[in-house]
Every structure is written in C-alpha cells, then in structure tokens.
Amino acid sequence: MSLLFVTDEREYLLEPGETLESDLGILEVPEDVQPGDEVETHLGTVFTARKLRGPDLFHHLERTGAPMMPRDVGLVMGHTGISGGDRVLDAGTGTGILASALGRAGATVVTYETNEEFAEVARDNMETAGVSDRVTVHSGDIVDALDDLRGEGFDALTLDTGDAPTVVSAAPELLVSGGMVAVYSPFVESTKDVVETAREAGLTDIRSLETIQREMDFDSRGSRPSTAGVGHTGYLTFARVP
Ligand SMILES: C[S@@+](CC[C@H](N)C(=O)[O-])C[C@H]1O[C@@H](n2cnc3c(N)ncnc32)[C@H](O)[C@@H]1O
C-alpha cells in the first residue's frame, strides 16, 4: 500500500520497504509502516506517513491523458450521484483520476483506454489508489466495444473522449432505466454535439454546465478572487435514460 511521506515542505509517495535518497537524507521506509508513523532520514529529517486521499492522487498519480480536475470530478459525482454498489462504464481512462475517484466512492468501474501505454499506467495508478479490485482498465476503443457492452445495464456512463456522441447515442442500450450520463467536453462545439445526440437518443434531463472556479486570495491589503490563471476548465453535460 503506497503512503505519502510528508514534512512541512515536501511529500513523497513511497511503498513499504522503499528507500528514498534526497538532499534531506536517506529515508528507509519500514515494511510494517502505518499511517501516522514518523520515519527519520539519516540526517534527522522527520517524515510522517499519511494515507492517500483523492486530492493526493490528483497530485501523485502518474499522468498520461489530461486528468480531470477535482472540481469536475466533484460535479460528476454530485450530478450523477454515483456511489457504492453502482456499476459505471467510463472512457477514456487517461490518468484515471475520475475512474479512481468513482472506485474510491465504492462504485465498480469498467473503463476503456485506446492507448495501450496509458492503459498500463492507469492499471498501476488504480493499484496506487487502492481500487484495482473495483476498477477494470480495458485497452481498446470504447466505440469498438459497444456491441459487447449493450444490455450490460450500467448505472452510469462517464465520458471524457472526442467521440463521446457515438457512445451517448447508445446510452439507452447501455444503461438501466434512470441511469445517468456525464460527458466532459473541452469546447462549446463538442458540448453542442453531445446535447444534440442526447436529444436524438431520447435522453431526458439534459443539462450542460460550464465549470468555472475562482480561488479567493486573502492578504493584508484585502480579499478578492485570485488574479492568477483562468477559472474555466470545460463543459459538463448530464442526461438521463428514461
Ligand atoms: C482527457 S483524457 C481522460 C482523463 C480521465 N477522465 C481522467 O480523469 O484522468 C482522454 C483519454 O481518452 C482516451 N480516448 C480517446 N478516445 C477514446 C475512445 N474512443 N475509447 C477509449 N479511450 C479513448 C485518450 O487516449 C485519453 O487518454
């Protein structure tokens, strides 16, 4: 089980038995290390072992396809209500930020990734996230797999791919009645395609949201939204199978 080893200024993701050499000294992680334990480097720097949580995974999983931001993960979970016991069909896996979050919420996830190397990394990431028993990463194109997936009766479909409309059109055959669809789209045009396809497929409760988040700065001069960076990430479309 991977744990975070944290000082005031640094954190490292390490396995029991692993040795880390840095300018802070050599850190030898005991095989029986537990969250909350303190481990000292040979130069005397003390690291505290910490159990990984979702935001830690966002920072420490190996990145391949652009990972979904925590706020968008939160919106997907909030608007679909995906929770323990649900069966979710997901694509593309990418880094696996969304798939691992859904798995950590207790859902069983079947996720597809076209890029074989990305899929391999995602499988390791699911091990790190502690959800490899609930998240199955398939190498391949979800569109090619649709014929095998029809009739599976998933509770939710989560998509973060350019060809999402093709999958959305099959949603009524992939999901149970009342099942939820969530699609992340980077552009207005791709969002519109998803909405039109959802309408043609007879889905209900179709809703698209632009996701914007503003961080607040508080300093001695006053308080205001941060001037660093743009708060826009993309668009999320939600819909439901009647
Ligand atoms: C933006 S990333 C997904 C990030 C992911 N949602 C996460 O939270 O880490 C998109 C991924 O989808 C994969 N992809 C694109 N089209 C696909 C398809 N039709 N089937 C499976 N994977 C696909 C790409 O290779 C890429 O890795």
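Read the numbers this way: they start at 1 and go in the same order the structure lists the ligands and their atoms. It should be emphasised that the depicted structure is a prediction, and the values quoted were computed from it without experimental measurement.
- When non-hydrogen atoms are compared, ligand 1 lies under 4.0 Å from the side chain of Asp163 (C-beta onward) but not from its backbone.
- Counting side-chain heavy-atom gaps under 4.5 Å among Ile, Leu, Val, Met, Phe, Trp and Tyr, the cluster of Leu20 also holds Met1, Leu3, Phe5, Tyr12, Leu14, Leu24, Leu27, Val29, Val33, Val39, Phe47.
- For a threshold of 3.5 Å applied to N or O pairs, the pair formed by Ile142 and ligand 1 contains at least one separation below that value.
- The closest side-chain donor-acceptor pair between Glu28 and Thr19, if any, does not fall under 3.5 angstrom.
- Every atom of ligand 1 with a heavy atom of Thr95 under 4.0 Å away is listed here by number and element: 9 (O).
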Practice item. With side chain to side chain contact (heavy atoms under 4.5 Å, CB included) as the test, would you mind laying out the steps for Thr7 and Arg10 before giving the verdict? Key: CA-CA 5 Å; Thr7 66; Arg10 304 260 186 98; 3.6 Å; yes

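- Contact annotation: Gly162 has no heavy atom less than 4.0 Å from any atom of ligand 1.
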Point to revise | side chain to side chain donor-acceptor pair (under 3.5 Å) assessment of Arg134 paired with Ser100 | key: CA-CA 9 Å; Arg134 281 199 292 284; Ser100 62; over 6 Å; no

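- Listed by atom number, the atoms of ligand 1 under 4.0 Å from Met68 heavy atoms are 7 (C), 8 (O), 9 (O).
- Protein heavy atom at the shortest distance from atom 25 (O) of ligand 1 is Glu113 OE2, 2.6 Å.
- Near Gly140, meaning under 4.0 Å from any of its heavy atoms, are these atoms of ligand 1: 20 (N), 21 (C).
- Close approach of ligand 1 to Asp160 (heavy-atom distance below 4.0 Å) involves ligand atoms 1 (C), 3 (C), 4 (C), 5 (C), 6 (N), 10 (C), 12 (O).
- Considering backbone and side-chain atoms together, Phe118 places no N or O closer than 3.5 Å to any N or O of ligand 1.
- For ligand 1, none of its N or O atoms has an N or O atom of Ala66 under 3.5 Å away.
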**Study point:** Intermediate values then yes/no, side chain to side chain donor-acceptor pair (under 3.5 Å), Thr211 and Thr233
**Key:** CA-CA 6 Å; Thr211 81; Thr233 43; 2.5 Å; yes

Check your understanding: Going through the distances and angles, do Glu189 and Lys192 end up as a salt bridge (charged side-chain N to carboxylate O under 4.0 Å, His left out)?
Key -> CA-CA 5 Å; Glu189 290 82 354; Lys192 195 171 168 218; over 6 Å; no

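- In the model, Arg123 has no side-chain atom that pairs as donor or acceptor with a side-chain atom of Thr136 under 3.5 Å.
- Closest protein heavy atom to atom 17 (C) of ligand 1: Thr161 CG2, 3.6 Å.
- Between Arg50 and Pro35 the shortest side-chain heavy-atom distance does not fall below 4.5 Å.
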Practice item. Begin from the C-alpha positions of Glu113 and His138 and carry the test side chain to side chain donor-acceptor pair (under 3.5 Å) through to its verdict. Key: CA-CA 6 Å; Glu113 171 54 57; His138 289 281; over 6 Å; no

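- Put simply, the side chain of Arg150 never gets that close to the backbone of Ala170: no donor and acceptor are under 3.5 Å apart.
- Nearest protein heavy-atom contact of atom 5 (C) of ligand 1 is Thr93 O, 3.3 Å.
- With a 4.5 Å cut-off on side-chain heavy atoms, Glu152 and Arg87 count as touching.
- No heavy atom of Ala99 sits closer than 4.0 Å to any atom of ligand 1.
- Close approach to Gly96 involves these atoms of ligand 1, each under 4.0 Å from a residue heavy atom: 7 (C), 9 (O).
- When only interatomic distances are considered, the shortest N/O to N/O separation between Val143 and ligand 1 does not fall below 3.5 Å.
- The protein heavy-atom contact nearest to atom 12 (O) of ligand 1 is Gly92 CA, 3.3 Å.
- Note on ligand 1: Thr114 sits in its first shell, one or more heavy atoms being nearer than 4.0 Å.
- Atoms of ligand 1 found under 4.0 Å from any heavy atom of Leu98 (numbered from 1 in listed order, with element): 7 (C), 8 (O).
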